[in-house]
Amino acid sequence: MGFLSDALSRIKPSATIVITQKARDLKAQGRDVISLSVGEPDFDTPDNIKEAAIAAIRRGETKYTPVSGIVPLREAISRKFKRENGLDYKPSQTIVSTGGKHVIYNALLATLNPGDEVIIPAPYWVSYPEMVVLCGGKPVFVDCTMEHNFKLQPEPLERAITPKTKWIILNSPSNPTGAAYSRAEMKAITDVLMRHPHVWVLTDDMYEHLTYGDFEFVTPAQVEPNLYERTLTMNGVSKAYAMTGWRIGYAGGPEHLIKAMDFVQGQQTSGTSAISQWAAVEALDGPQDHLPRFKKAFEERRDLVVSMLNQAKGLKCPMPEGAFYVYPSCAEAIGKTAPSGKVLETDEDFVSELLEAEGVAAVHGSSFGLGPNFRISYATSNAALEDACNRIQRFCGSLR
């Protein structure tokens with residue numbers, strides 16, 4: 001009998017973490033590396049949020065908190081959902097967890113039985129299928145091709161639903177593609193779900209505030225109120241408030257589901273950091289004047305990266321609506337030979353040779369369930385992005 005759990009053999013390590021660590025290691029060896037692999041804003045947490053955390057420490061807000069979160073934060077979450085999404089969630093219908101990933105994991109652990117299916121549009125965030133598997137479920141992937149701007153279409157969704165389907169996970173704007181659903185596109189999806197009342201909807205709205213131009217963000221229960229009773233609306237403060245390290249995710253949903261998630265969380269972490277929760281109260285209730293500045297910077301970076309990647313030989317890069325990622329196709333590079341002499345057989349070969357030849361770290365698309373593509377995070381400076389894109393152009397031009 002082995003010491004380690006058999007469950008470990010059923011899951012894969014996070015490709016984004018693996019690539020990011022490899023870039024760190026190369027930097028430590030003295031290599032000139034530009035890492036575009038991590039999904040983390042390069043901005044600092046706004047000062048008013050940091051000051052709220054300091055004030056909480058000085059007030060002695062350093063004890064254990066209720067499992068589902070402090071009352072002021074749950075009230076702030078309720079106000080946020082009403083103000084920004086038109087959703088009425090009482091504080092008792094909300095939960096605070098240690099990041100958005102923890103919210104999703106709790107929901108799956110509280111609801112999945114062996115053999116239950118979870119529909120995951122691909123490309124997907126690398127953790128979705130692994131969490132489903134760890135919780136005893138079965139991921140069911142539906143390809144969302146570049147032809148459809150990486151967005152789920154109603155017909156393939158309809159075909160993927162079976163009597164065993166328990167959840168669909170919808171992420172808009174998307175990690176890894178930046179694709180976001182318009183109201184009409186989301187309505188087409190919710191119309192399908194209305195025909196299948198046994199299917200629950202788990203939204204990942206973490207990039208809600210990072211959409212560009214005149215794009216209007218919508219979330220499923222907002223578009224189709226009749227889905228309210230079977231939707232868990234997840235969000236957090238990580239991206240829009242540059243609070244990745246504070247580890248605060250939250251959700252609103254039916255009270256019986258929230259209680260089940262509270263029950264699970266009570267045997268995992270209990271309540272998350274008290275200091276972080278008080279900071280999150282200020283993030284949600286305080287001034288939002290940093291958001292236009294963040295959005296303007298990210299939009300400029302998006303436009304720069306898309307333009308330069310489309311000038312690279314053999315790359316095709318769609319223009320995403322939100323988040324801070326692009327997902328270019330490197331299909332024309334497959335089969336060519338890199339400067340090292342290696343023939344590129346996969347998108348993983350492409351990003352590996354790009355890192356070795358030019359010191360640019362990106363993440364291969366196959367790890368997100370759809371290739372041959374690769375993901376670039378443009379959450380870094382314009383200068384670094386321009387340098388990186390010049391290197392990518394040079395690498396693509398060197399392929400034979």
Side-chain angles (χ1 to χ4, degrees), residues 39-85 87-107 173 175 202-210 217 219 232-253 258 261-262 264-266 268-295 323-324 379:
E40 182 171 46
D42 58 325
F43 301 113
D44 196 13
T45 305
D47 287 342
N48 63 302
I49 298 172
K50 291 190 286 188
E51 291 301 321
I54 293 168
I57 294 171
R58 288 178 174 152
R59 289 196 310 272
E61 306 280 6
T62 56
K63 308 298 183 184
Y64 291 134
T65 73
V67 172
S68 290
I70 58 174
V71 171
L73 180 52
R74 297 177 81 184
E75 291 174 341
I77 291 165
S78 294
R79 289 190 291 272
K80 179 264 182 252
F81 278 131
K82 180 65 174 178
R83 179 178 69 244
E84 297 182 352
N85 309 113
L87 295 174
D88 287 308
Y89 289 121
K90 297 180 293 185
S92 60
Q93 291 179 272
T94 67
I95 189 169
V96 181
S97 301
T98 308
K101 183 183 287 189
H102 192 202
V103 173
I104 299 170
Y105 189 80
N106 284 344
N175 175 4
L202 202 168
T203 79
D204 181 345
D205 296 348
M206 193 63 73
Y207 296 90
E208 170 185 2
H209 291 294
L210 300 180
F217 171 84
T219 195
L232 183 70
T233 305
M234 188 280 281
N235 211 314
V237 297
S238 297
K239 313 300 182 178
Y241 299 92
M243 294 176 68
T244 49
W246 298 77
R247 307 309 301 135
I248 294 288
Y250 60 83
I258 297 298
M261 293 167 63
D262 173 276
V264 167
Q265 186 164 300
Q268 292 176 331
T269 60
S270 297
T272 191
S273 160
I275 310 308
S276 295
Q277 290 190 59
W278 283 104
V281 172
E282 175 64 18
L284 297 181
D285 279 349
Q288 307 291 304
D289 51 2
H290 71 284
L291 286 175
R293 178 169 53 87
F294 281 18
K295 289 176 67 166
F324 38 67

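With hydrogens and angles left out, the side-chain atoms of T233 and Y89 include a donor and acceptor closer than 3.5 Å. Inspection of the H102 and Q268 side chains reveals an N or O donor paired with an N or O acceptor under 3.5 Å.
Atoms OG1 and CD1, from T62 and I57 in turn, are 8.5 Å apart once rounded to the nearest 0.5 Å. Rounding to the nearest 0.5 Å gives a distance of 9.5 Å between CG of N106 and OG of S68. For the atom pair T98 OG1 and W246 CH2, the distance stands at 14.5 Å (nearest 0.5 Å). Taking CD1 of I275 as the reference point, atom CD of E61 lies at 7.5 Å (rounded to 0.5 Å). Taken to the nearest 0.5 Å, the CG atom of N85 stands 6.0 Å off from the CZ atom of F217. Here the CG-CD1 distance, from L87 to I77, works out to 13.5 Å after rounding to the nearest 0.5 Å.
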> Given the rule in the side-chain contact (heavy atoms from CB on, under 4.5 Å) test, do V281 and I70 qualify, once you have shown the distances and angles that lead to the verdict?
Replying inline: CA-CA 10 Å; V281 172; I70 58 174; 4.3 Å; yes
> When you look at E51 and I54, which way does the side-chain contact (heavy atoms from CB on, under 4.5 Å) test go after all the steps?
Replying inline: CA-CA 5 Å; E51 291 301 321; I54 293 168; 4.0 Å; yes
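Taking both residues in full, the closest heavy atoms of Q265 and V96 are given as NE2-O, 3.0 Å, listed atom of the first, atom of the second, then distance. Taking each heavy atom of E282 and N48 in turn, the nearest pair found is OE2-ND2, 2.8 Å. The two residues K80 and L284 come nearest to each other via the heavy atoms CG-CD2, 4.3 Å. Across all their heavy atoms, A283 and M243 have their closest contact at CB-SD, 4.0 Å. V103 and A251 get closest at one heavy-atom pair: CG1-CB, 3.6 Å. In plain terms, the two heavy atoms of S78 and T94 that are nearest each other are OG-CG2, 3.9 Å.
Side-chain N or O atoms of T244 include none that pairs as donor or acceptor with a backbone N or O of S238 at under 3.5 Å. Using a distance-only test at 3.5 Å, with no hydrogens or angles considered, a donor-acceptor pair links the side chain of T45 to the main chain of A242. The closest donor-acceptor contact from the side chain of T203 to the backbone of M234 lies under 3.5 Å. Judged purely by atom type and a 3.5 angstrom limit, Q277 uses its side chain to pair as donor or acceptor with the backbone of T272. Counting only distance, with no hydrogens or angles, the side chain of D205 and the backbone of N235 share no donor-acceptor pair below 3.5 Å. One N or O on the side chain of H290 and one on the backbone of A240 form a donor-acceptor pair closer than 3.5 Å. Looking at R74, its side chain never comes within 3.5 Å of a backbone N or O of G69 through a donor-acceptor pair. For the pair E40 (side chain) and K239 (backbone), a donor-acceptor distance under 3.5 Å is absent.
Separation of the F324 and Y207 ring centroids falls under the 6.0 Å cut-off. Side-chain rings of F81 and Y250 approach one another, their centers coming within less than 6.0 Å.
The 12-atom threshold is exceeded at CZ of R59, counting heavy atoms of other residues, nucleotides or ligands nearer than 6.0 Å.
When side chains are defined from C-beta on, P72 counts as touching W278, because their heavy atoms get closer than 4.5 Å.
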